Amino acid sequence: MPENTPISSTSSNHRIEHFVADIEQTPLQATDSLNEQAAPLSLWAEAWKNLRRQPLFIISALLILLTLTVAFFPGLFTQTVPTQCDLINSNAGPDGGHPLGFTLQGCDVYARLIHGTQASLAVGVFSTLGVLIIGGTIGAIAGYYGGWLDAVLARLADIFFALPLILGAIVINSLPAVREHRSVWTVVATLVVLGWPQIARITRGAVIEVRNADFVVAAKSLGVSRVKALITHVIPNSLSPVIVIATVSLGVFIVAEATLSFLGIGLPGTVMSWGNDIAAAQTSLRNNPSTLLWPAVALSITVLSFIMLGDAVRDALDPKARKR
Amino acid sequence: MLRFIFRRVLQVIPVFFGSTLIVYYLVFSMSGSPIDALSGGKPISPAVVAQLTAQYHLDQPFFIQYGIFIKNLFTFNLGTSFSGRPIAAIIGQAFPVTARLAIMALAIEAIFGVTAGVFAGLRKGKLFDGTVLIASLVVIAIPTFVLGFVLQFVVGVKLGWAKPTVGSAADWADLTLPAVVLGLVSFAYVLRLTRTSILENMNADYVRTATAKGLSRRRVVMVHILRNSLIPVVTFLGADLGGLMGGAIVTEGIFNVPGVGNTLYRAVLAGEGPMVVSIVSILVLVFVLANLLVDLLYAWLDPRIRYA
Amino acid sequence: MSKDRVQITEQDGSGPRPLLELRDLAITFTTASGDVPAVRNANLTIMPGETVAIVGESGSGKSTTALAAIGLLPENGYVSGGRILFDGEDLTQADSRRILELRGRSIGMVPQDPMSNLNPVWKIGFQVKETLKANNLARKDIHVQVAEVLADAGLPDAARRAKQYPHEFSGGMRQRALIAIGLSCSPRLLIADEPTSALDVTVQRQILDHLATMTSELGTAVLLITHDLGLAAERAEKVVVMYKGRVVESGPALEILRNPRHPYTQRLVASAPSLASQRIKSAKAAGIESSDVLTLETDASLAKTDDVIEVKNLTKVYKLRGGGGGSSEFKAVDDVSFNIKRGTTLAVVGESGSGKSTVAKMVLNLEKPTAGNIIFDGVDLTALDKKSLFNFRRRVQPIFQDPYGSLDPMYNIYRTIEEPLRVHGIGDKKSREAKVRELLDQVALPASSMQRFPNELSGGQRQRVAVARALALDPEIVICDEAVSALDVLVQAQILNLLADLQTELGLTYLFITHDLAVVRQIADHVCVMEKGRVVETGTTDEVFNSPTQGYTRALLDAIPGSRLELPPEVA
C-alpha cells in the first residue's frame, strides 16, 4: 500500500464516527440548473434596476430633468423679459412677480436665472460630448493598439495635461482671435482642448483591461477583424468608468465656464449665464448678497445633481458589486 | 529604482517642451502680429518696433525664437514689462507669495482631507461618514470664486476674523483665509478619494490575513490599510497642483494677493504677451516637476511601480 | 445530531477534550434582499494534533465555517446559532480582545490566494516580523528569527528573501511565506483555506508535504479546506463533506471514499477526476472503445490524411525588455512537434510557464510562430493569406478557461452564439435562429436561455454557451484551453461528458490544453507533456499514465492528489 501522509500525525486514541446527514433534510439538487422563471436581465437592465432603488439617483435625475426643462422652455417658468432692466429697481428686494428681487442694473434676478440656464448647461453638455469624442477615441486607440502609437498618444495627452484647465483657458481665451468672437462655442472648444486628456486616460485604462479578455480573443478566432472587435466588444465593455467620469466632468465644466465668465474671458456679457450673473453681482455683494446667492445656488444645485448622478451610476455599474 | 527615476525624468522633457511650445505659439503666432502681442496692441513708433524685433528675434524663424525664449527662461533673462520693470524681478517677487499660498492650501487639503477621509471610511455608514460625504459634495459643487466671496464676506467683513484683503505683505497669517478657500474644493475631493480607497483596501485579502495574524485593529489600520490607501491620493495631489494654479488666479484676485496668479491675470487682460508666456511656462515647469516628485513618492509608496 | 452532542458531553469527563468543536453552527449573511443562511447545523470536531478536511464546492459554506472560528466573517456575516468551542471555551461569547489573543498564537491561518494575501507594499520579512511582535514572541535577534521562520517553511536563501517584496516572489514562494506566517507562533490549530489550489501540482505536493512535516513536528491540528476530495482523503484523517451550507457526511477519510453514504458524497466520489482512472466513454458509444470507433468512422467517411494537424518544430520567442535598456529573448515554445489524428483528443499537459497556452494560440493563428510550421489538413497555416485565414477560422474554434471572461457580458446568449454565423454570413435571420436553438439543444441548455445574459448563468452554463458558440461554425477542431479547470467537480464532470458526447456525435478533434493530469486521463487519447517550452514526453494516454519514461512525467503523475490512495475497483 502506498504511503499515506496526512498533514499531521494521528492522535488516534479516539474513534472517528461516520456521520451521514438526513437525506430528507439535505436533498440533492440538480447540478447547474437554470432558473427559467426570472426575466432576462442585461447588465444595463440590471444597472438600471439598481439605480431606480437609489434615492441619490432619483433626486439627482429629477433635478437634472428640471434643469433641462428650464433650459429648453424658459418661457414655462417666467414671462418677465430678463433683458428689460430698469435702474429704478436697482438692488430692489423681491416684490410681486419678481420673487428674487433685482440686480444692480435693475434686472429681474429670477428671470435672468431661468434664462441663464441654457448657456451654462450647453457649455457643460457640449464640452462633455467633445471630450468624450476626442478623449474617448484617442484613449481607446492608444489602449487597444498599444506599442509606439500608445507611447506617442500618451505623451500628447501628457503635454495637454500639463496645461492646467483654468490657466490654459485664460491663455487661449485671451487670444485676440478668440476674444473677439467669444460665444458658447469658443468656451466649449477651450474646455475640450484642455479637458480631453483626462477622459483619454480613463478610456485607455478601461480598454487595456478589456482588450485581452477571453471574449475578445474568442471573437478574433471567429474571424472578427481587429477594428470590429474594438467597436463591437471592447468599447461597449469599457464604457462604465468613462460614463461615470463624464457625468462628473459635466458638473466640472459648468463650474469652469462660470469661473471663466467671472474672470471676464468666458461667455461674452451679452450672453445670459449664471457665471456672468455671479461676476456682475460681486460689486453689490455687500448691500445685496442675494443677487450673487441665487445664481450661485442654481449653479451649485445643477453641478451637485451631476456629481450625485455620477456617484449613483458608479455604484450601479460597480463591477465588484456585480460579480456576486 | 534608479532606472525608474531616469525613465521618468526623460519623460518630463518632451512634456515640458511640448506644452511651453503650445503656449508660446498661441501667444505669439496666433495673436496675429507678434508686435501687437508685445505692445498690447497700442500704436508704437517704428523705432520701438525695431527694438522689439531685435529683442525678441522676430526676424528669426519661429523655432529659433522659441529656442531663444527657452534659453532666456532658464537664465531669467525675460525682458521688461510694459511698466518698464524687468519681468524676472516681478515674477521673483510674486512667486514666493503664490508658493506660500499653494503650500498652505495643499497642506490643508492633504492633512484635513486624508484625516477626515480615513475616519469616514473606517466608520462607513455612520453619522460622521454621512455628514462628511454630503458636505463634501456641496463644497465640490460650489465654484471656488463663490466660496471665496462668501467666506471673504462672512469671515472677513462680518465676523472680522481675518483680513478680507491681503495686500502687499502677504505673510502666512494673512494668507490663511485665501488658502482655505483655495484648498477647500480639493479638500473635498481628497476626502472622498481617501474614503473610497480605504473602503476598497479594508476588504483586501491581505488585510484579512493581517487580522488573522493577531495584529491589533489599530495596527491593521495604520500599517496595512492606510499606506495602501494613500497611493491613489498622492497621485491626485500631484495632478491637483494644476487645479490650485488655476484656482490661485481666482483666489488671488478676490483677496487681492500680490501673487503670480494676480500678475498673470492682469498681464492677460493687458495683452502683455512676454509676461504671460513667461509666467505660464514657469507654472508649467513647476507643475511638471511636482508631478515628477509625486511619481517618485508613488514609487516609494508602492514598490511594484519601481520595477514596472 | 443530538446523539453527537451527548457523546461529547460524555467525553468531557473521560477522554481528551476536542481542540475545536462546532456545535449546530449557523451563519447568516445580511444582504439587500434579506437574511441569507450560509451555514446551517454544522457540526465538527477536531482533536488536538488531528487533521480534518472540509470538502465542498464553491458556495458550500466551507470557508465561511472555518473563518467563523477566528472571527473573520465578512462584515455582513454573523453567527446566528450554535457554538464554537475552542478548547472548551465558547468563542461565540468571547469578546474581541479574547479573539485577538487567540489569533496567530492559538489559531493560525494560511489563506487561499498567495497573490492577494501578502501586502504588496511591505517586505516579506516585515510581514513575518510583525506577526511575531504582535504575539509577543519576538526574540532580540528578530532578523535571525524571521529568517529561521521563513527557512522552516522551506524558503531557500531566507535571510536575503526576507528583504524582498511579495511581487519578487513566485506563487509557490509566496505560499511558503504565508505558511511561515501562519505557523510562526506555533498555533495549536491551523486553518488552511485551499492553501495550494492556486499552485502547480508539483509545487502543491511539495508544499503540502512540507506543511505536513511542520505541523506534525509542532503538534498542530489542521483544519484543511479544499474542493478536492482526493486531496482531502490523502491529507486528513477525517473528512467533512459540506453541501449547500450543511454538513452532509463526515467520518474517517478512507471510509468516506470507499463507502460514501450520502448521495452527494457518492456523486462527488464518482466525479472526482483525481480518483478516476479511465477515459470517459460517451454514453452514445458505450460498450465500445471510443477511440477505436472514432478513428475507424472518420477514416472511412472522410478518407483524408489521418493527421488533421501536424505541428513541426514550432518555436516562439518573445523579446523581453531587459535591464539597462537592452532586450533579452525568452523562448516560450522551443522546437515543439506533434500530430493530432482526426476525431481524437490530444492533451497538451504542463505547468504554468510550460508554453502550452502559447502553442494553443499559435494553432489558433492568434500568434505567429517564430519558426516551424503548423500544417492543417495539408495546408501550412503560417502562409495563409487573409481570405484563407478567414476560412480557416471556421474550421478551428477555441474554448477558454474562465467561464466569466470568455463571454461578452453585453451580449445575450442568442447574440453570442449567433455572432460566428453572422460574421461568416451564414444563412438568414431565420435559419440562424434555428441553428442557435439546435446548438443550445446540443449543449443541453433550454431554448429559453437565449434571451439570458452571461451574468445570469452559472460557470458551467457559461461554459456550455462557450461550447455552443465554438460549434456554431461546424468546426473540425476544437481547442480547449483549460476549458474545465475553473469549474466545480460535478460541473466539470458534466462538461467533460458533454465534450465526449459531442466528439462521438460530430467526429470532432480536440486539442486539450490543461495542467490537470487527472482530467487528461478522462478525456485524452494521446498526451504530450511539456516543460519549460519543450516536449518531454508523448504517447498514448495509457502509455504515459502506466509507464511514464521521463522523471518529470512521473513527478507530475505522482503529484495528482489522491494518486497514492488505494481504492477498491468499483470506485477507481
Side-chain angles (χ1 to χ4, degrees), chain A residues 56 151 154-179 193 198 248 251-252 254-259 262-265 274-275 278-279 281-282 285-286 289 292-293 295-297 299-308 311 314 320, chain B residues 11-12 14-23 26-27 30-32 36-37 41 133 137-138 140-147 149-150 152-153 157 185 192 200 203 239 241-250 253-254 261 264-265 267-269 271 276-277 279-280 283-285 287-288 291:
Chain A
L56 202 66
R155 284 297 87 73
L156 191 68
D158 281 351
I159 287 173
F160 279 88
F161 193 75
L163 295 170
L165 188 68
I166 298 295
L167 206 63
I170 287 177
V171 173
I172 295 176
N173 282 12
S174 61
L175 297 176
V178 179
R179 188 147 50 169
V193 164
Q198 199 204 5
V248 176
V252 172
I254 292 179
V255 172
E257 176 272 315
T259 308
F262 161 75
L263 291 172
I265 48 170
W274 296 332
I278 298 171
Q282 55 178 304
L285 177 66
R286 292 192 186 186
L292 185 137
L293 186 70
V297 166
L299 184 133
S300 299
I301 288 180
T302 309
V303 173
L304 192 63
S305 350
F306 280 107
I307 294 173
M308 289 196 308
D311 260 23
R314 179 194 329 242
K320 276 174 224 150
Chain B
Q11 282 176 8
V12 163
V15 171
F16 172 73
F17 284 109
S19 40
T20 48
L21 186 68
I22 290 175
V23 173
L26 282 176
V27 173
M30 288 271 291
S31 47
D36 280 353
L133 265 189
L137 273 181
V138 172
I140 289 172
I142 303 176
T144 308
F145 62 94
V146 174
L147 278 174
F149 281 137
V150 173
Q152 183 185 40
F153 184 61
V157 180
V185 173
R192 294 172 67 84
E200 212 164 89
N203 292 323
L241 199 69
L244 287 186
M245 287 170 183
I249 298 169
V250 175
I254 293 172
L264 173 66
Y265 182 52
V268 165
L269 289 189
V276 173
V277 174
I279 293 180
V280 172
L283 290 183
V284 165
L285 186 62
F287 182 56
V288 169
N291 270 295

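The analysis underlying the following values was restricted to heavy atoms, covering all of them including side chains, and did not include hydrogens, waters or symmetry mates. Reminder, nothing fancy here: chain letters follow the sequence lines and each chain counts from 1. Owing to the predicted nature of the structure, the values given are computational and were not obtained by experimental measurement.
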Rounded to the nearest 0.5 Å, what separation is found between the [atom1] atom of [X] and the [atom2] atom of [Y]?
X      : Y      : atom1 : atom2 : result
B:I140 : A:S300 : CD1   : OG    : 12.0 Å
A:L292 : B:F145 : CG    : CZ    : 8.0 Å
A:I278 : B:F149 : CD1   : CZ    : 9.0 Å

Minimum heavy-atom separation for [X] and [Y], please, with both atom names.
X      : Y      : result
B:P143 : A:L299 : CG-CD2, 3.1 Å
A:A162 : B:V15  : CB-CG1, 3.8 Å
A:F161 : B:A239 : CZ-CB, 3.9 Å

**Fill in**
In B:T144, B:V146, B:I254, the residue satisfying side chain to side chain contact (heavy atoms under 4.5 Å, CB included) with A:F262 is B:I254

Against chain B, label [X] side chain, backbone, both or neither, depending on which of its atoms sit under 4.5 Å from a heavy atom there.
X      : result
A:V252 : side chain
A:N173 : neither
A:F306 : neither
A:L165 : neither

**Message:** Heavy-atom pairs under 4.5 Å with chain B - which of A:D311, A:I265, A:I301 has more of them than the others?
**Reply:** A:D311

**Fill in**
Most contact-rich option vs chain B, by heavy-atom pairs under 4.5 angstrom, among A:L263, A:V171, A:T302, is A:L263

**Asked** Between B:V276, B:I249, B:V288, which shows the greatest number of heavy-atom pairs under 4.5 Å with chain A?
**Response** B:I249

**Request:** Name the option with the most non-hydrogen atom pairs under 4.5 Å to chain A; the candidates are B:A248, B:G18, B:G247.
**Result:** B:G18

**Item:** Contacting region of B:I22 [heavy-atom separation from chain A under 4.5 Å]
**Value:** side chain

**Request:** Select one option (side chain, backbone, both, neither) describing which atoms of B:L283 are under 4.5 Å from chain A's heavy atoms.
**Result:** side chain

**Message:** Show, in sequence, the C-alpha distance, side-chain angles and deciding distance for A:L167 and B:L264, and conclude whether the side-chain contact (heavy atoms from CB on, under 4.5 Å) test is met.
**Reply:** CA-CA 9 Å; A:L167 206 63; B:L264 173 66; 3.4 Å; yes

**Item:** Flag side-chain contact, heavy atom, 4.5 Å: A:I159 against B:F17
**Value:** no

